[in-house]
Amino acid sequence: MKVLIPVDGSEAALAAVRHVLALRSAGLRADTVLVNVQETASLYEMVVVHDANAMQQAADQAGAHLLAPALQLMNAAEAPCEALVATGDTVAMLIETCERQRAELIVMGARAVGSVRGALLGSTSQQVTQRSPVPVTIVHATRPNSSS
């Protein structure tokens, strides 16, 4: 089995990594692919920078920085994985990466989004769930106890 884990640097994404590691310790045999999606450069960035290679290099570096904590968790657990940085629309690139990597499961974190924003735009996890060709597991980051 191959599992795709989208990583955006959030605690929710790290919770998804921990969830997959827990499944692996329980006996799941799976290859893991971590992926970070960087947004396409804006028109302003393209006009100011003038160098497509420099913009791609900056996106790759930003993606690698956001992947680093997830890679540390995987390495600490001695769980081999592949790490990728993609550029484009987040949902479209996650689905494309899933298909290209032949992933059989997506495990992703979900962050709380305000109800108005969520209703108008839909969260990334909701959109991936609706468009994914494979099952999607949504993992919520644990919230600190707010009754202090």
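In this chain, residues are counted from 1 in sequence order. Reckoned from all heavy atoms, side chains included, excluding hydrogens, waters and symmetry mates.
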Filter on side chain to side chain donor-acceptor pair (under 3.5 Å), then keep only pairs touching residues 58-77, sequence neighbours left out; what's left? Q56-D60
Given the rule in the side chain to side chain contact (heavy atoms under 4.5 Å, CB included) test, do Q126 and T124 qualify, once you have shown the distances and angles that lead to the verdict? CA-CA 5 Å; Q126 287 173 324; T124 300; over 6 Å; no
Just grab all the salt bridge (Lys or Arg N to Asp or Glu O under 4.0 Å) pairs involving residues 88-98, residues at least two apart or on different chains. E96-R100
Atom pair CG (L94) and CD1 (I106), whose distance is rounded to the nearest 0.5 Å: 6.5 Å
Output the rest of the hydrophobic cluster of V107: all Ile, Leu, Val, Met, Phe, Trp and Tyr residues reachable through side-chain heavy-atom contacts under 4.5 Å, sorted by chain and number. M1, V3, I5, V7, L14, V17, V20, L21, L23, L28, L34, L67, L71, L73, M74, V85, L105, V139
At what distance, to the nearest 0.5 angstrom, does NZ of K2 lie from SG of C81? 11.5 Å
Determine which pairs satisfy side chain to side chain donor-acceptor pair (under 3.5 Å) with at least one residue from residues 28-38, sequence neighbours left out, and list them in order. N36-Q38
Counterpart residues, side chain to side chain donor-acceptor pair (under 3.5 Å), relative to S10 (two or more places apart): D8
Atom pair CE/OG of M108 and S123 - distance to nearest 0.5 Å: 7.5 Å
Considering all heavy atoms of both residues, which atom of G109 and which atom of S125 are nearest to each other, and what is their separation? O-CB, 4.5 Å
Report whether V128 and L66 are members of the same hydrophobic cluster (ILVMFWY, side-chain heavy atoms less than 4.5 Å apart, transitive linking). no
C98 SG to L4 CG distance, which is reported to the nearest 0.5 Å: 6.0 Å
Using the test salt bridge (Lys or Arg N to Asp or Glu O under 4.0 Å), find all partners of E11 that sit at least two apart in sequence or belong to another chain. R18
List in chain and number order the residues that pass salt bridge (Lys or Arg N to Asp or Glu O under 4.0 Å) with R24, two or more places apart in sequence or in another chain; answer none if no residue qualifies. none
